[in-house]
Structure formats: structure tokens, C-alpha cells
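Notes follow the structure.
Atoms within a ligand are numbered from 1 in the order they appear, just like the ligands themselves.
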Amino acid sequence: MFGDISNDQTAIDTAPGILTIDLGALAANYRQLKQRVGAARVAGVVKADAYGLGAARVVPALYAAGCRDFFVAQFSEAQAIIRTLGRDARLYVLNGLQPGAERACAEAGIIPVLNSLDQLANWSRCARARGTELPALLQFDTGMSRLGLPPDDVDILLQQPSRLEGVRLLHVMSHLASADEPNSPQNAEQLAVMRRFAAAFPGIEPCFANSGGIFLGSDYHGALVRPGIALYGGAPTAGVPNPMRPVVRLDLRVVQTRLVPAGARVGYGGVHVTSGERRLATISAGYADGLPRALSDRGAAYHGDVRLPIVGRVSMDSLTVDATALPPGTLTLGTLVEIIGPHQTLEDVARDAGTIPYEILTALGRRYHRIFR
Ligand SMILES: *Cc1c(COP(=O)(O)O)cnc(C)c1O
């Protein structure tokens, strides 16, 4: 699937690491999610530079696949991508606005998620000052205690509907805390709360499901779903086979190889000591490139089908693998080894690092040569 690479060959040949982003797989994932939700619209969550993959390329690819609703977290992210969108697209800011950003947001036609009565008041004031209606999503806290109106504030709003003056609600919204765990009772609890709140706003359709929520079934879909990780090939549900197509592949170059005797210390702190003669290879990326230091003496690279365990601590710009399982001379200066790819998924790397795929993706290094296919 990552076969025919057509970008600038010298840049590819000399890059310390090659990050291949399969925009065809991204579009296929979008279409798969669309099929799963039937009549609901499928947004693209493209916050944090499209989970580290590059919003400048991901957003147009999703738009071309039919996506017309885009979510970022911060207003500055919305400002950065709005020009890449067609006029028929809608762009939402999940964290809403800091005081003072309302006017610029209104002028740009960007749609805030209103998370608190304060954010609502500021948006309503902006609308009244401009003498127009301004669109927004209204978020409820259905049990995550992070963003959105808590139940008491929903009650206040229902008693004082004039607080919504000038605000045109496009959707009521909430976010699931445990959507990747289908057996968590928290999902049904949040759904019940969401239904109660949504019933108080008749005619305004809910926006509820993230990637995991889509796979919880149609009860969770509402009118607009908000997948992020599943678009980028991450598993939407824990503990079952991942139905999404991989989007990211990462290959890193060998910088140097050496044969060391038993008792050699490897890397910072000398914490890894070889138990016998070993062939080692130093690989050209480290924690500054988004390979967590938690991979020290854990995790691996692959050459073909052969697993090359990471030995010693991960450095800022390099890490070392044990290549003893390969015939001598297999790895030399410039050889590529796989970090994320057919032999080792994003989920594998995240597990070895003691973290989640989201954190691996959003930390992907800026020093890699990026190929978009
Ligand atoms: C990040 C985010 C999403 C996307 O979540 P995924 O698990 O990546 O699908 C959806 N909604 C909100 C509110 C988010 O913060």
C-alpha cells in the first residue's frame, strides 16, 4: 500500500526518517465511517495539526472526500485552516473562545462551541452588538467534568432563555469519556443525560459521538459525529481488531552499526549492559522526534520480519537497537528500519511506550521527511 513513492527522491534518500501519510487510506476511513452512521453527517476532527499528520494536507483531502464539518480545539487553529476550506464548509472551535476573540471569530465565520454560561454571554453580546444572529454549538457536561455546561447551568439557561439572544444553535453537543470501552456503563449514563438535556432544546439535533462513539451504535450518533483518531487509522475501540486502514507509516535510517562484546554499556546512564556479544545499530530519531523516552529498553524496530529490540535509553536524536538476529552486514549506513508499519502498528508503539496512539501521533517529529500519498 505504501509502494509507489513519487516525491523528491534526493530528499527522501537523505532524510533521517520518512513519515508516509496515506491520504487515500484517510479518505477510505472517512467513507467507512460515513457508511456506518447512515444519515448522520461525519465531521473531521483536525485539531493539533490533524493529530500531527499535517492539517494543510489532511483538511483538503477530507473536503475532497465529502467532509463539510471540521473541528479544531483552538481559535488560532481555525484561523490557520479556514482558507483551505470551501465556503460551504463549517469550522468549529471545541474549546470555544477566550474573551475578546468573539469579533474576529464572527467576522471569519468560524463557529464556537459554547462551553459555559460565560462563553454564551460573550457570544450573545457580540451578536447583539453586530445586530445579527451568530451560529454556535452548545456543549453540555454529561459526566466528564471537563467542558460544557454542568446540569445546574443547563437549568439556569432553561429558566432564562433570553441568555441565548442572538445565538443560533446549530447543535447541542457533548463528549463521551469512555467511548473506546463498549462495556463501560459510563457510555449509557452519559447518553441518558444527553437525551434529557437535548429534549429541552427541541428541534436542535445532537452532536455526540467521537470515533469510539460511532462504534457504540446508532443510539449514539445524533446528526453529526466527530471522529478524529479513526480517520487517522487508530483503533476506535479497545480490545477488538481495528477496522480502520492504517494511514501513517514511519521508517528511520540506520546511522551506525557496531559489534560489542558482553558487558558493553549502551546509551545514557549505561543502564543497559549486554549479556553477550551483540551487533547494535544506532537509528536516527529519538525523543525530540516523538519517540518517547519511555521506549528505553522497551519496544522495537523491524527490518523485514525481524524484530530489533530497542536497547538502552532513547536519546534526543537517536536510539539503539539490537540487530544480532540479522545476518552481519544487513544493516548499514542509510538502511531503513520500520517503526510504524505492517509489522508494528501505531497501537503497538503506544502500548510499548505506556501511552495512547493519540499521543504518539500528535508528537510525530518535524524532522522527518513527510510523504503524502
Ligand atoms: C478530540 C475530540 C474528538 C475526537 O475524538 P477521537 O477519539 O479522536 O475520535 C471529538 N470530540 C471532542 C470534543 C474532542 O475533544
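Y51 OH, 2.5 Å is the protein heavy atom nearest to atom 8 (O) of ligand 1. For atom 9 (O) of ligand 1, the nearest non-hydrogen atom of the protein is S211 OG, 2.5 Å. Here the protein heavy atom with the shortest distance to atom 14 (C) of ligand 1 is K47 NZ, 2.9 Å. Ranking protein heavy atoms by distance to atom 7 (O) of ligand 1, first place goes to Y358 OH, 2.6 Å.
Listed by number with element, the atoms of ligand 1 under 4.0 Å from a non-hydrogen atom of P227 are 9 (O). Atom numbering of ligand 1 starts at 1 in the shown order; those under 4.0 Å from a heavy atom of L94 are 12 (C), 13 (C), 14 (C), 15 (O).
Other residues, nucleotides and ligands contribute over 12 non-hydrogen atoms within 6.0 Å of the CZ atom of R130. Annotation: E107, atom CD; neighbour count of heavy atoms from other residues, nucleotides and ligands within 6.0 Å is above 12.
The closest approach between a heavy atom of A230 and any atom of ligand 1 is not below 4.0 Å. Under a 4.0 Å heavy-atom criterion, F71 is not in contact with ligand 1. Remark: distances from the non-hydrogen atoms of R146 to ligand 1 include one below 4.0 Å.
By the 3.5 Å distance cut-off applied to N or O atoms, R226 is counted among the residues near ligand 1. For a threshold of 3.5 Å applied to N or O pairs, the pair formed by G228 and ligand 1 contains at least one separation below that value. Considering backbone and side-chain atoms alike, I229 places an N or O below 3.5 Å from some N or O of ligand 1.
No side-chain donor from either of D118 and S116 sits under 3.5 Å from a side-chain acceptor of the other.
Both cation-pi conditions hold for R68 and Y63: the charged atom is under 6.0 angstrom from the six-membered ring centre and inside a 45 degree cone around its axis.
With R163 as the partner, the side chain to side chain donor-acceptor pair (under 3.5 Å) test is satisfied by one option alone out of Q159, Q160, E165: Q160.
Of the charged side-chain nitrogens involved, none lies within less than 4.0 Å of a carboxylate oxygen, so that E347 and R351 do not count as a salt-bridged pair.
Within the 6.0 Å centre-distance limit, the rings of F140 and F201 are counted as a close aromatic pair.
Between Y51 and Y358, the ring planes lie tilted relative to each other; the angle falls in the 30° to 60° range.
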